[in-house]
Amino acid sequence: MPELPEVETVKRGLQPAMQNRRIEFVELRRADLRFPFPQGFAERLQGRRISTLTRRAKYILAHLDSGDVLIMHLGMSGRFTVFAPEGSSQNLGEFYYLQGADTAGNGAHDHVVITLDDGAKLVYTDPRRFGMMDLCPEGDLDRHRLLASIGIEPLGNELNAAYLHDALKGRKTPLKAALLDQRIIAGLGNIYVCEALHRSGLSPKRLAGTLSRNRKVDERLERLSSAIRSILNEAIEAGGSTLRDYASTDGNSGAFQQLFSVYDREDEDCPKPDCSGTVQRIVQSGRSTFYCTSCQR
DNA sequence: CGGGACTCCTGCCAGC
DNA sequence: TGCTGGCAGGAGTCCC
């Protein structure tokens, strides 16, 4: 599930449930996810008020009144569910399930249960356990080992053709791999890289540095940077409806899939109106790439 | 250093 | 029906 748009959607979904709430109790069902929980994890959270939630790359950050920041990453299969407090199903955020909180958190892969001061329970579920949680003082966030070398946010002003020109210059790695590199752009994953390359008509196999040959900024980098931005924004937009579906049903939203032009569409016709190509699947650094060999150069 | 392979873990699906 | 192998949206680590 989670690339930047999904993480942003989850953050927005959690915000109304968590903002300004005090953490009453934290139950860990195991000692680790991808990494061990830090020493005193539950104790440092309990009794603290959450001032706000933010996002950096694919990390959700909960800022606490103690000065600590709770860092959360969903990995490949991580998910949060908010269970409403008993008998208060009115005016709940879209992220709420409408069950009573006493039934929450009993699944086989429910690893963390956070009880808030209004009785709501926040349950972290992660079958593959590639997710992680950590605590870090707000002032040390930039130096946190997982955040220190993260690149620019693609939705901010820093992402533009000139940035890509410099960042990709001399790179001999395929463009696909460079865009997946979180040190260059934060938050892109396999799906949205495939989609952005298709929209901008660039081959995933092209060596990244070939777009920065001249001193002049290549107009293809302009296309790439605006494709990244528009794809992510559209996905976030769609995320809201995905989330509503999710809250009311089972997590599998049809609207989500319809967004993709090439991802998981091997052998289908290229959806670009002026292109008669077919979507191919190849493997790059061990992962699936979907692209049109006809219009992506 | 840059680049690529390997690794963690479980669930699911196609193919036999 | 049941097994097996391959694959999955992430990313740190190790090795050349």
Side-chain angles (χ1 to χ4, degrees), chain A residues 1-10 29-37 55-60 71-80 107-112 124-134 144-151 154 166-198 204-210 212 228 231-232 234-236 238-239 242-243 246 250-253 255-267 281-290:
Chain A
M1 177 190 185
E3 298 184 33
L4 186 151
E6 291 72 39
V7 176
E8 179 65 25
T9 300
V10 170
R29 298 281 172 76
R30 50 180 301 126
D32 59 16
L33 294 171
R34 180 164 187 191
F35 306 113
F37 291 102
R55 179 191 57 74
R56 173 76 173 112
K58 297 171 195 166
Y59 294 89
I60 295 170
I71 303 170
M72 298 171 278
H73 195 293
L74 302 171
M76 298 265 267
S77 58
R79 199 178 43 166
F80 281 103
H109 303 296
D110 295 343
H111 306 309
V112 183
Y124 179 72
T125 308
D126 187 356
R128 292 176 73 179
R129 302 205 302 276
F130 285 179
M132 56 82 56
M133 292 189 193
D134 200 5
H144 188 275
R145 69 182 190 98
L146 298 172
L147 297 173
S149 57
I150 298 264
D166 291 345
L168 302 179
K169 190 165 46 191
R171 290 256 176 175
K172 293 188 170 63
T173 195
L175 190 50
K176 160 89 183 298
L179 295 178
L180 281 175
D181 187 338
Q182 303 296 298
R183 292 168 300 183
I184 299 176
I185 303 176
L188 294 180
N190 206 35
I191 292 178
Y192 295 110
V193 166
C194 290
E195 295 297 317
L197 287 171
H198 178 255
K205 296 199 286 189
R206 163 191 285 282
L207 297 191
T210 62
S212 305
I228 290 169
I231 298 251
L232 293 178
E234 288 162 26
I236 290 170
T242 307
L243 197 55
Y246 174 66
D250 63 356
N252 294 316
S253 166
F256 193 61
Q257 275 271 30
Q258 286 165 18
L259 269 181
F260 309 147
S261 289
V262 288
Y263 186 82
D264 208 16
R265 290 188 182 279
E266 186 178 16
D267 295 333
R281 174 182 178 274
I282 60 170
V283 174
Q284 290 180 288
S285 44
R287 318 195 50 194
S288 290
T289 298
F290 297 89

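Just so it is clear, the structure is predicted and the values come from calculations on it, not from any experiment. Both backbone and side-chain heavy atoms feed into the values below; hydrogens, waters and symmetry mates do not. Chain A is the first sequence line, chain B the second, and so forth, proteins listed ahead of strands; every chain is numbered from 1.
Rounding to the nearest 0.5 Å places CZ of Arg265(A) at 16.0 Å from CZ of Arg281(A). Atom CG of Leu175(A) sits about 10.5 Å away from atom OG1 of Thr289(A), to the nearest 0.5 Å. Taking CE of Met133(A) as the start and CG of Leu74(A) as the end, the distance is 8.5 Å to the nearest 0.5 Å.
Exactly one residue among Val193(A), Leu197(A), Ile185(A) makes a side chain to side chain contact (heavy atoms under 4.5 Å, CB included) with Ile228(A). That residue is Ile185(A). Checking His109(A), His111(A), Met76(A), Arg79(A) one by one against Pro127(A), the side chain to side chain contact (heavy atoms under 4.5 Å, CB included) holds for a single residue, His109(A).
The aromatic rings of Phe80(A) and Tyr124(A) are tilted relative to each other, their planes meeting at an angle between 30° and 60°.
Contacts between chain A and DNA chain B, taken as any atom within less than 4.0 angstrom of a protein heavy atom, begin and end at dG3(B) to dG11(B).
At least one side-chain nitrogen or oxygen of Tyr263(A) sits closer than 4.0 Å to the OP1 or OP2 atom of dG9(C).
For DNA chain B, if you chain together Watson-Crick or G-U pairs that step i with j, i+1 with j-1 and so on, the runs of at least three with distances under 3.5 Å are B:2-8 with C:10-16, B:10-16 with C:2-8.
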**OP:** Take Leu179(A) and Tyr192(A) through the side-chain contact (heavy atoms from CB on, under 4.5 Å) test and state the conclusion after the steps.
**Re:** CA-CA 10 Å; Leu179(A) 295 178; Tyr192(A) 295 110; over 6 Å; no

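Going from the P atom of dG6(C) to that of dC6(B) covers 14 Å, rounded to whole Å. Between dC12(B) and dA11(C), the two C1' atoms lie 22 Å apart (nearest whole Å). Separating the P atom of dG11(B) from that of dG12(C) is a span of 24 Å, rounded to the nearest Å. Separating the P atom of dC7(C) from that of dA5(B) is a span of 15 Å, rounded to the nearest Å.
Across all strands shown, Arg183(A) has no heavy atoms under 4.0 Å from either base or sugar-phosphate atoms.
Legend: residues meeting salt bridge (Lys or Arg N to Asp or Glu O under 4.0 Å) with Lys169(A), ordered by chain and number and at least two apart, are Asp166(A). Judged as a side chain to side chain contact (heavy atoms under 4.5 Å, CB included), and not counting sequence neighbours, the contacts of Arg183(A) are Ser149(A), Asp181(A). Residues that satisfy the ring pair (Phe, Tyr, Trp, His ring centres under 6.0 Å) test with Phe130(A), not counting sequence neighbours, are absent from this structure.
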**OP:** List the protein contact pattern of nucleotides 10-16 of chain C with one symbol per nucleotide (5' to 3'): B for base contact, S for sugar-phosphate-only contact, - for none; contact means a heavy-atom distance under 4.0 Å.
**Re:** BBSS---

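At distances below 3.5 Å, not a single donor-acceptor pair connects side-chain atoms of Glu234(A) with backbone N or O atoms of Ile231(A).
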